[in-house]
Amino acid sequence: MSVNIAVVGATGAVGEEFLRILESRKFPINELRLLASRRSAGKKIQFCGKEHIVQELTKNSFKDIKIALFSAGASISREYVPYAIESGAVCVDNSSAFRMDDDVPLVVPEVNTHDIPKHHGVIANPNCSTIQLVVALKPIHDAAKIKRVVVSTYQAVSGAGLKAIDELEKEAKSILEGKEGFQRKLFPHQIAFNVLPQIPQSNAFLPNGYTSEEMKMVNETKKIMGDNSIRVTATTVRVPVVRSHSESVNIETEKKITAAEVKRLLSTAPGIQIIDDPAKQLYPLATDAAGKDEVFVGRIREDVSLDNGIDMWIVSDNIRKGAALNAIQIAEKLL
Ligand code: 25A
Ligand code: L14
């Protein structure tokens, strides 16, 4: 059965990826409606060999739409998701607007597909750094019960959208050409050849000293895993990488688990590929993960400072599994 699909934020970094993935996975689409701000209305986009014209998002945009994929930021979702639901659509929302609402499932298909049927018109797609983390944590939690997770991220600029990729490229070019006076519009400091311990780029810091991105990882991990007893702390960092987030992860478990057992568990877990061959200097890299679907895990070892501790390195494409692919996997389960 083919369905009518709307993509809200179709011209953004995530929106463009939605279209690539819908096409390559042959999602059964009857009508595809591309929605964005007035700035992009009229823009022509090719999909499955046919020209589609981007329309301005309005409250009347959702007539006859079955599934609406949202990725235009939290304020747009808060305003327009209710209209989509009213028109009878089910929304898969990439923004942070509804993720922690009690009656909204927050879903990573490898972990909690069982939460999907509980929806009331909207299913939230988690934060990108959280998605790749929980895909790797779940098999370990099932086997050895995770007590605590310490994670530091190395996040690509594409998480902040197309404008952020543009700023990194232009800033790097201007530095290499020895030009002065580059005007930043997005990042609070130089991002080219630098590392910024702040995500997002504005209004990041909360009264407890964490950033909102860090607290998303703390809270969303517990909700997706369905276990509030897991203690999580995070430091989220922007690095001058275009695509794919990397994470250094330390896990403390209740039961002892060896590095060999973790490798065996993760090697058969859904959505994961292990790249872990120190002798050949092989481990997951952002540049290799870009454009791929899997969560890549490597550098798996036992923590020398803990009785029951595991260290590992997790990399995945933030725009694919971290956003568009995960949302489309949810939509596939809805069908
Ligand atoms: O609030 P959140 O949840 O934290 O999310 C904040 C942002 O994070 C991205 C996404 O940016 C979002 O805006 N994001 C969300 N979830 C993500 C995830 N899981 C995620 N990133 C990674 N992983 P984005 O760049 O991917 O997408 C932005 C899209 O939203 C559309 N949009 C914006 N305002 C809208 C709207 N659509 C409808 N109505 C509105 N009022 C936006 O479309 C884009 O598709 P657009 O038309 O505004 O932009 C089209 C082109 O115009 C450029 N542009 C953007 N802003 C301006 C601009 N040009 C001039 N002036 C501007 N002020 C864009 O570069 C784009 O090429
Ligand atoms: O909550 O800027 O989904 O790298 C995704 C992109 C948060 C910010 C989310 C980034 C956003 C993140």
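Each ligand, and each atom within it, is numbered from 1 in the order the structure gives.
- Each of the atoms 5 (C), 6 (C) of ligand 2 lies under 4.0 Å from some heavy atom of C128.
- Residue D227 forms a salt bridge (Lys or Arg N to Asp or Glu O under 4.0 Å) with just one option from K222, K138, K145, and that option is K145.
- Neither the backbone nor the side chain of Q201 comes within contact range of ligand 2; no heavy atom lies under 4.0 Å.
- Taking only non-hydrogen atoms, the option from Q155, R238, K216, M217 nearest to atom 1 (O) of ligand 2 is K216.
- For a threshold of 3.5 Å applied to N or O pairs, the pair formed by E213 and ligand 2 contains no separation below that value.
- In this structure, A160 has a heavy atom closer than 4.0 Å to ligand 2.
- Connectivity analysis of hydrophobic side chains (ILVMFWY, heavy atoms under 4.5 Å, direct or indirect) links F296 to I275, L282.
- Shown in contact with N127 at under 4.0 Å from a heavy atom are these atoms of ligand 2, numbered in order with element: 1 (O), 3 (O), 7 (C), 9 (C).
- Under the 4.0 Å criterion applied to side-chain N and carboxylate O atoms, E254 and K147 are not assigned as salt-bridge partners.
- The closest side-chain donor-acceptor pair between N125 and N94 falls under 3.5 angstrom.
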Go through it in stages, so that I can follow the logic: the residues are Q155 and S129, the test is side chain to side chain donor-acceptor pair (under 3.5 Å), and I'd like the CA-CA distance, side-chain angles, deciding distance and then a yes or no.
CA-CA 8 Å; Q155 294 186 218; S129 301; 3.0 Å; yes
